[in-house]
Protein chains: 2
Amino acid sequence: MRREMTIKKPTLQDVADYAGVSTATVSRCLNQPDKVKQSLQEKIREAIETLGYVPHGAARALASRRTFTIGAIVPTIDNAIFSEAIQYLQRDLTKAGYTLLLAQSSYSLDEELREVQSLLTQGIEGLVLVGEDHHQGVFDAIEQHRIPLVNIWTYNPESKYSCIGIDNAKAGQRIAEHLVELEHRHFGVISGILRGNDRAQQRLEGIKQHLQQNGIGLDDGEVLECRYSGEQGRLAMHELMTHHPQTTAVICGNDILALGALCAARELGLSVPEDISITGFDDIEIIAVISPALTTMNSPSRRMGAQTAEYLIQCIEGDDQRVERCELGTDLIVRETTGVAVSRGRA
Amino acid sequence: MRREMTIKKPTLQDVADYAGVSTATVSRCLNQPDKVKQSLQEKIREAIETLGYVPHGAARALASRRTFTIGAIVPTIDNAIFSEAIQYLQRDLTKAGYTLLLAQSSYSLDEELREVQSLLTQGIEGLVLVGEDHHQGVFDAIEQHRIPLVNIWTYNPESKYSCIGIDNAKAGQRIAEHLVELEHRHFGVISGILRGNDRAQQRLEGIKQHLQQNGIGLDDGEVLECRYSGEQGRLAMHELMTHHPQTTAVICGNDILALGALCAARELGLSVPEDISITGFDDIEIIAVISPALTTMNSPSRRMGAQTAEYLIQCIEGDDQRVERCELGTDLIVRETTGVAVSRGRA
DNA sequence: CTGAAAGCGCTTACAG
DNA sequence: CTGAAAGCGCTTACAG
């Protein structure tokens, strides 16, 4: 019988027996040490040490109704902007004693809903989603569970839920404005897949709106959608230039796509920016050291992660149900890939 | 009293009452449906639907002694190779009904130990770590909890624990060999921080060994350590060329450092590879579309993630305690940044 | 400051 | 195929 002691992991009860106190005291010693006499604390710590006791999180969660767990769902972790945000979110959550449960939606709203349900089962006390466009079931579940939701990467002053992010439409507009100022009249857009991605949709809307205001049209054929990969960007650029050779300005959905487009331009013998201007989005760290230096819009992903952690913790600990709508600024960073299309005139 | 029903989340008991069955039956309906009569299943599903029941993970974990949770600790999630591996690990774990608990160690073995303890509290049924060099406390804890550990990114046929990764020393050797074949005699190494990073240490050992075999020395001053960032690589390259201007071959710890070094070479007016050869490591996706195309060693991070998920699941479900030591191959991908140093002779 | 005891929401032999 | 009941390992009023 006693043999079992060595094979079974020690419980709070074992610690209590060993230290000659009650389980209540051991529990207090762990969670509210100041309520336990010094001498007992020492005995208990010794017991914990020699038995190699490790608390049982599930039991604690069940009894205390606290999981100290936050859920986050990003489209994919394998995109620098999301991994940067997650890095900071995770780091700050950990500092405050919370655990991050991370899931990926692959840019699918249905998949996102499934992940939300799974996270809810696991008892998350807060949820972070990307964008503000979600399956209705997500909102229903959030309401029922009464946990704070923060939508990141999006800013909407009227949102019913908290958001910490950028104004995507305005950012798209700003890029278009820059290129229009350089007197471009023939545009192409290489966007990420729009379905399930409200950020990309909003940016495209911003671009279209600004072009329209300046009397510049943008045909459907001049907007290409593809996955966020360098190779996809390269192929899209080739397709764009085949069907719309007069294009002098290409707005890309992110930096990776822009690097692919740049690659295609090289292959086509087009000089940048003399023949064609190309813009990115995000200002990921790596592009600071590559040539030609990419004109892009920065995206404060780390700040987003850190601020989200801070908000959520305050929301939970302060029992503060206030909705926060926070707009983080973006800056157009003009470098070497945009300019006047001198070589090919201004048709 | 009844008012509480609307404010409190429904439990299994509520579902059972509503459906007119016992909690045992509801539980079976959820976990082993084939053991429950069809007609009852329908009633129960209806009850779940109308009450909006969501299972309580902690209670389930406590009662069943299963958490369906796997822990993984990477140095940082903000490095393409780790985020790629995690993406696949996460995806495949999710498919199999497991949840990934992700933590970051910031390349600190002490921090790693702390995270391991936290994960253990949360009841992980398996653990994934990067490298084979860990705090002794990690091994002790793993032994005590009897959970499978797999060390990734490392391959050691004698390892006591499972490993799925590459032979880092061999990879380092292979890079050095390539450059020696191109008749380089003056080397520089821009490595990641070595402390707490056995992969980087092993690669450096492999490089040193091969150079030594060919009568080429490598002074301490010719090995620079820096964080994995483009800017750090750029600065290190400047320092290297200031103190060792005769250098014709620079081996970088990863692709990001190599891009930084390439940037510095441009700034210094050095042609690549005519004046100097530069190599990376990892073959991250993005470098496929940038110019000059980087010579590098590929690192099968996605395969590592997927294979780790597969092994762990089999280990847990098959109750198979077999230790697996799996070497994933690497390939030297020779592109445009390495060649004979024609311009500066072969001193 | 400490302990006895109820209870958190499930699962699972066991009996029928 | 189904149910009564014990138990998973903690926390937390409550009483002292």
Side-chain angles (χ1 to χ4, degrees), chain A residues 4-5 7-45 47-48 51-69 97 118 120-125 145, chain B residues 4-5 7-44 47-48 51-69 97 120-125 145:
Chain A
E4 292 229 322
M5 288 301 285
I7 206 170
K8 243 182 134 294
K9 286 186 290 185
T11 68
L12 237 212
Q13 186 64 256
D14 297 327
V15 175
D17 292 349
Y18 191 96
V21 298
S22 72
T23 58
T25 302
V26 179
S27 176
R28 281 191 206 97
C29 178
L30 256 26
N31 304 315
Q32 321 164 52
D34 39 300
K35 290 194 173 176
V36 176
K37 213 196 294 172
Q38 200 63 37
S39 61
L40 285 188
Q41 280 194 43
E42 281 160 24
K43 264 192 199 161
I44 293 169
R45 283 189 203 301
I48 288 174
L51 294 177
Y53 171 70
V54 175
H56 190 296
R60 169 182 290 179
L62 180 58
S64 69
R65 294 127 192 266
R66 291 293 313 271
T67 60
F68 292 98
T69 267
S118 160
L120 252 12
T121 289
Q122 306 194 54
I124 51 168
E125 301 182 6
H145 285 259
Chain B
E4 291 228 322
M5 288 300 288
I7 207 169
K8 244 184 131 294
K9 284 185 291 184
T11 67
L12 237 212
Q13 185 63 257
D14 297 327
V15 175
D17 293 349
Y18 191 97
V21 297
S22 72
T23 58
T25 302
V26 179
S27 176
R28 281 191 207 97
C29 178
L30 256 26
N31 304 314
Q32 320 163 53
D34 38 302
K35 291 195 173 178
V36 176
K37 213 197 293 171
Q38 201 62 36
S39 63
L40 285 187
Q41 280 193 42
E42 279 160 25
K43 263 192 196 161
I44 293 169
I48 288 174
L51 295 176
Y53 170 70
V54 176
H56 191 296
R60 169 181 292 180
L62 181 58
S64 67
R65 294 127 192 263
R66 292 294 312 269
T67 60
F68 290 96
T69 266
L120 252 12
T121 290
Q122 306 194 53
I124 52 167
E125 301 182 5
H145 284 260

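All values below were derived from every heavy atom in this structure, side-chain atoms included, with hydrogens, water molecules and symmetry-related copies excluded.
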What's the CZ-C1' distance between A:R66 and D:dT11, to the nearest Å? 13 Å
Out of C:dT11, D:dA4, D:dC1, whichever nucleotide has its closest atom nearest the side chain of B:A24: D:dA4
P atoms of D:dG9 and D:dA13, separation to the nearest Å: 23 Å
Could you state the atom-to-atom distance from CG of A:L62 to P of D:dT11 in whole Å? 11 Å
From the options C:dC10, D:dC1, D:dG9, select the nucleotide whose nearest atom is closest to the side chain of B:K37. D:dC1
What is the distance, to the nearest angstrom, from the NZ atom on A:K35 to the C1' atom on D:dA13? 11 Å
Is there side-chain contact between A:Y53 and A:L12, with at least one heavy-atom pair below 4.5 Å? yes
Reading DNA chain D from 5' onward, which residue's closest nucleotide shows up sooner: A:Q32 or B:V21? B:V21
How many Å lie between CG on A:L30 and P on D:dC10, as a whole number? 9 Å
side-chain contact (heavy atoms from CB on, under 4.5 Å) between A:V21 and A:V36, worked out: CA-CA 11 Å; A:V21 298; A:V36 176; over 6 Å; no
Where the side chain of A:E125 meets the backbone of A:T67, is there a donor-acceptor pair that is under 3.5 Å apart? yes
I want to verify a distance call: between C:dG9, C:dT12, C:dC8, whose nearest atom is closest to the B:S64 side chain? C:dT12
Checking base pairs now: Watson-Crick or wobble, both atom distances under 3.5 Å. What partners C:dA4? none
Distance from B:H145 atom NE2 to B:T121 atom OG1, nearest 0.5 Å? 7.5 Å
Can you find a side chain N or O atom of A:S22 that sits less than 4.0 Å from OP1 or OP2 on C:dG3? yes
Quick note, B:Y53 side chain, CB onward, closest among C:dC10, D:dC10, C:dC1 is C:dC10
Nucleotide D:dA5, atom P - distance to CD of B:Q13 in whole Å: 13 Å
Name the pairing partner of C:dA13, where a pair is Watson-Crick or G-U wobble with both distances under 3.5 Å, or state none. none
Is a donor from one side chain sitting under 3.5 angstrom from an acceptor on the other, for B:T25 and B:S22? yes
Please measure how far the C1' atom in C:dG16 lies from the corresponding atom in C:dT12, and state the result in whole Å. 16 Å
Please report, rounded to the nearest Å, how far the P atom of D:dA6 is from the CZ atom of B:R65. 16 Å
Is a donor-acceptor contact shorter than 3.5 angstrom present between the side chain of B:R28 and the base of D:dG3? yes
Atom CG of B:L12 to atom C1' of D:dA5: distance rounded to whole Å? 15 Å
Presence of B:S27 side-chain N/O under 4.0 Å of C:dC10 phosphate oxygens OP1/OP2: no
Taking atom P of C:dC1 as reference, at what distance in whole Å does atom NZ of A:K43 sit? 17 Å
